[in-house]
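Here the structure is laid out as structure tokens; the discussion comes afterwards.
Please read these numbers as outputs of a predicted model, since none were measured by experiment. FYI, side chains are in, hydrogens and waters are out, and symmetry mates aren't considered; it's all heavy atoms of this structure. Below, chain A is the first sequence line, B the second, and so on; all start at residue 1.
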Amino acid sequence: MKYLTKIKDTEIVVEIERVDDHFQVQIDGDSYHAEMFQLDGAESYLFRINNEPHQIEITKKDHQYSVSYRGDNYLCHIEDERLARLRSSIKGSEQSQTEHVVSTPMPGLIVEINVAVGQEVRKGESLLTIEAMKMENEISAPEDAVVTEINVAEKQAVEMGQELLVLEYIE
Amino acid sequence: MKYLTKIKDTEIVVEIERVDDHFQVQIDGDSYHAEMFQLDGAESYLFRINNEPHQIEITKKDHQYSVSYRGDNYLCHIEDERLARLRSSIKGSEQSQTEHVVSTPMPGLIVEINVAVGQEVRKGESLLTIEAMKMENEISAPEDAVVTEINVAEKQAVEMGQELLVLEYIE
Amino acid sequence: MIKKVLIANRGEIAVRIIRACKESGIRTVAIFSDADVTSLHVRMAEEAYHVGPAPSAESYLYIGRIIDVAKKSGTDAIHPGYGFLAENPVFAKEVKAAGVIFIGPEADTIELLGDKMAARKRMIDAGVPVVPGSETKVDDIESASRFAGEIGYPVLIKAAAGGGGKGMRIVRKSEEMTAALRMAQNEARSAFGDERIYIEKYLERPRHIEIQIMADTHGNVVHLGERECSIQRRHQKVIEETPSPVVDDELRQRMGETAVRAAKASNYVNAGTVEFLLDQQKNFYFLEVNTRLQVEHPVTELVTGIDLAKEQIRVANGEKLSFTQESIRWNGAALECRIYAEDPDSEFMPSIGKITEYREPSGPGVRVDSGLDHFGQVSIYYDPLISKLCTWGNDRDEAISRMRRALAEYRIQGVKTVIPFHLLVMNHEKFIAGDLSTHFIGEELAQMQEQNPMAEDTMKKIAIFCAMVEQQHQNQVQNIHSDRNDKVKSAWKMKGRQRIA
Amino acid sequence: MIKKVLIANRGEIAVRIIRACKESGIRTVAIFSDADVTSLHVRMAEEAYHVGPAPSAESYLYIGRIIDVAKKSGTDAIHPGYGFLAENPVFAKEVKAAGVIFIGPEADTIELLGDKMAARKRMIDAGVPVVPGSETKVDDIESASRFAGEIGYPVLIKAAAGGGGKGMRIVRKSEEMTAALRMAQNEARSAFGDERIYIEKYLERPRHIEIQIMADTHGNVVHLGERECSIQRRHQKVIEETPSPVVDDELRQRMGETAVRAAKASNYVNAGTVEFLLDQQKNFYFLEVNTRLQVEHPVTELVTGIDLAKEQIRVANGEKLSFTQESIRWNGAALECRIYAEDPDSEFMPSIGKITEYREPSGPGVRVDSGLDHFGQVSIYYDPLISKLCTWGNDRDEAISRMRRALAEYRIQGVKTVIPFHLLVMNHEKFIAGDLSTHFIGEELAQMQEQNPMAEDTMKKIAIFCAMVEQQHQNQVQNIHSDRNDKVKSAWKMKGRQRIA
């Protein structure tokens, strides 16, 4: 079976075949001897790839895997061939690539909103200030953009991951 | 609700009543303020009894609880009032109290059987020898007894907990 | 004789103090908020009492209720840990008034040293060198700007009641003064209930070097050498070590003697830390005294062999110090990495959540002081410090190589942590060379992260992991009934199935 | 230059050596049997190769296959750990023949010292005091009984190829000789494939004191002081410490010099241990040399600060020792408790099973070397050693109080362990007084267990725990649908429900 993976902006096609007691994996013409063992924790695995052991924790959400490997975290989007073909056929209907939702990385209290709808902001410019654990934290623009929506108000308490505002990137 | 507990040879009657946000527990006229919290591990609990916290691990098998508390293990047999009454009414039909099944505390190989059916043995006398992890381990009689059954043979491999032989204690 | 100690704190420092008490044969009383009902410090104590809802102001800062618990439980002494009420003179005073021993300095000493401006004055009088700065509080833009103009930008705005970087702002140009002053005052008010701030000359690329002191009630004041805490983010320490790569015996002795002088000038008793900035010419300037056991005390314990928490209890008991200045031997080198639940890729934002997988490193030269286990969670209400990972080595290189090994062994799932950041630092050539300053993270972090793009090889491995797990999911759905009776052909395959199926 | 090391072992010692390699920047190769596919030592290594089925003879003792893996993986050196092939001269020889460095002494030295009778002769020639005993092997009842009669009962039967108590039997009367000889021969054959045994005078209530030595290829031989290992069960050590409560500087120097002489007499290179018995008059007698890193090496590391496993690699690399006899400083006291999966209430029978809950102690002065984590299991095939728990203190009392604290913190579920036994010892007045002998457990254990009946208070608590859990089970069955919509009235109750429901 072929899988289309995407980590950050890199797409990698992984082909997996079961051979006797292990898996044969192909990437870009390179071949790997791979074995997989589930440890007793729900999300902990041991892989041996060409005799190299790798202990990882992995959680799945839809087509997105979150992998913890050697202290770092990675996000990997995955589709099998069939899904990838399906998706490419409807690609035209996707949402604008330039629209970007800014969510809060922490729960807290909105102290101040420093921008208004329609305002142009530079990359790194402060959008708003959140207080959490007695510290004020500034949320800044990831790219040059125009503010298209603001979904919170000053003094409002926000949950982790809540949408704060929407930006349209300037290309 | 009243519960009849038995730890080793001691019977303790525990009466539990829910009061507001905690439990009121009575033993021998003494009263305890008790709270119970399940930690996320399946069998790990935190109890607070009169403000003293106790972390324990507990597993249930039929009416027998196995409790791990401060590094030690305890077995506790438990019945609620109703069951205890039921049991006392049929007590006459119980199995002989003097019959004792000797099981192996470890998996291994039977090296030698030192007794025969019908033989009288003294407390501490060797019954048989099991090899495990390259060590020979002797299984000895827990009390003065007569051997009434032998269920294994020399050179036989045994699983953990397997019945080895049956003794009848001499009173 | 202290026989029962109440620990007016939570998290790793509560656990640390409980351990010290257990080793001293002392019974421990924990307190907890609604958020900590089943937390590790509660489970480790002999007694535990509820003191209120999750917000600190209603629980761990609620002086009356904590003193009630002390009385009800028959506590002989209270250890405040660090943070919360540790440097609150009112608490120290009320504890004493309740007939309970406060394990720390006298309330007057805490009050004096807690007021940064009063402390500065006292130190100037005692001949302790200080950074040029405002000797009185500055609360309006005009006087702040005027004073900053006099000593010259950059300047540092600091909370008079401050500590831990809260209410602190660097101002590099006069245009930034208005915004910085407002934010510093806001933070100071919210953190300390006291919005007074003052202004100091900002030293370029200084090192943060502090001296551990210990004083008993018999007039003995001893210093236990320095700690370098230059690696800071958001003005908070993340990596500490001893000895400092730039402090030699002569400088240690001079700074140590100055710290002892500072302690004597404030009638200091029990454990404390005198913080200094060291400039590039190795001039040192008094910064402040922390009137408590510090987060980073274990590195000093690792090189001196002295258990500071147990020594604190001895001193509170009225005993003499168990060592003298002459008997202290500094042995090897020790490092501490604070393991925060924060995302180093997102400006060290706290990462809140349940711990789903937890395994600490151990083995030679490793010490972990943690406040949670695999049943734990990082709460929104408190500091996101999971643990302190310390290593000891015969020399700094060995301590660093052990730290790398230990960081790589540490497994924490459920929240993001600063472990990847610490690994970058431990492999950074400037860090390895001991070329540190308080600007290290600001100057080096972005570059470190850029120079550490995900290796192609790592990316391929992640792709393989995910593709294989995905395939397993698909097969499980497809084959759940069909291949039960397959014969397994080798031990390998069998093992794989046992585990995977 | 050694850049890649194969560890021909499993469990805690494999993990210990992997840690040493990682700290030295050396790549590690693990080997594993079918029983260890996902074991911790495999997960920690950079490479891992399967070497056979679970039984040791077909995997960890399979010399040919291990050497094949070494060649295939491009290994520079092999570390044998302890046990398995560590003291097998054939293995050392074949490793060398394959062009791979053996991290340990030369094969000739292993062979000489592995033959207990040849070693005795060599030591007598070198002027090292030995216990009176048979200078040749004894394999029939007649000669055994005759010799035992000559030196006088009690005598000790020992395997010529032995170690670790295997094949060892005390014989107190001539009537016991026949059975004891047969069992010793059986065990010796099964453990070492060599049934030769010999007989020694059995000393009454001796102490087991051993000296750690370290020798390089440049002729430097240094001793690192003693370890006392008198607390033994089934002739195997369970608790070790340094310094010994009865060894003073003068005796340490004499025993150290004797150990160095023993090492030189056998052309010793790398780490080794010279074991002695010390009688009540403080006479010491050579017992044997263990030609490997020992289980209990961490206590020496804790007081000297020297990492013996890393030093072994240096020596194997042809480097000089990083220290001299004069530079060694012994600092404080260290204890080791071996945490076996065994039931101390049932004659220390192994307890096999999956670990269901696992949390190691940590904090000040604690070191744990373990071979598994919460994904682990104790297997029937190998030694049931879960970990080694060590504590360090400024003095023995502090090390003991830390050990008590650490033992109480250690949480292991799924198998029985010797932790309750260790706690009894740590609270035993003879142990605290340092009044030890190799008969300690035999003489004191039964009494300790009797004097430690379950307290009435503990019994009541257990009853409450069980009754409350039982009630919860009953309520869950009864109320699973009925009280979903109940309003929770307090934070307390809510918390309880969140956790319990």
Could you measure the distance from the [atom1] atom of [X] to the [atom2] atom of [Y]? Nearest 0.5 Å is fine.
X	Y	atom1	atom2	result
B:S140	D:E347	OG	CD	5.0 Å
B:R70	D:R411	CZ	CZ	10.0 Å
D:E470	B:I58	CD	CD1	9.5 Å
B:D28	D:E456	CG	CD	7.5 Å

How close do B:Y3 and D:Q474 get, counting heavy atoms only, and between which atoms?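 Here B:Y3 and D:Q474 meet closest at OH-OE1, 3.2 Å.
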
Tell me, side chain or backbone of [X] under 4.5 Å from chain D's heavy atoms, or both, or neither?
X	value
B:N73	side chain
B:E52	side chain
B:H54	side chain
B:S66	neither
B:K2	neither
B:T10	side chain
B:I16	both
B:I27	side chain
B:K60	side chain
B:I56	both

So, using salt bridge (charged side-chain N to carboxylate O under 4.0 Å, His left out) as the criterion, who are the partners of B:E154 when residues are at least two apart?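 By the salt bridge (charged side-chain N to carboxylate O under 4.0 Å, His left out) rule, B:E154 matches no residue at all.
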
Side chain from CB out, backbone as N, CA, C, O: work out which of these in D:Q413 comes under 4.5 Å of a heavy atom of chain B, or both, or neither. side chain

Just do the side-chain contact (heavy atoms from CB on, under 4.5 Å) check on D:R182 and B:E112 with the steps written out, would you? CA-CA 12 Å; D:R182 189 197 57 77; B:E112 191 164 12; 3.1 Å; yes

Those residues that, when tested against D:Q232, pass side chain to side chain contact (heavy atoms under 4.5 Å, CB included) (two or more places apart): D:H208, D:K237, D:T438

Contacts of D:S370 that satisfy side chain to side chain contact (heavy atoms under 4.5 Å, CB included) - sequence neighbours left out: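 For D:S370 the side chain to side chain contact (heavy atoms under 4.5 Å, CB included) partners, ignoring immediate neighbours, are C:R359, D:Y358, D:E360, D:V368, D:S387.
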
Are there residues of residues 457-469 of chain D that reach to under 4.5 Å of chain B by heavy atoms, and which ones?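 Checking residues 457-469 of chain D against chain B gives D:T458, D:M459, D:K460, D:K461, D:I462, D:A463, D:I464, D:F465, D:C466, D:A467, D:M468, D:V469.
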
Please rank B:M1, B:Q55, B:H22 by heavy-atom pairs under 4.5 Å with chain D and give me the top one. B:Q55

Would the number of heavy atoms belonging to other residues, nucleotides or ligands and lying under 6.0 Å from NZ of B:K123 be above 12? no

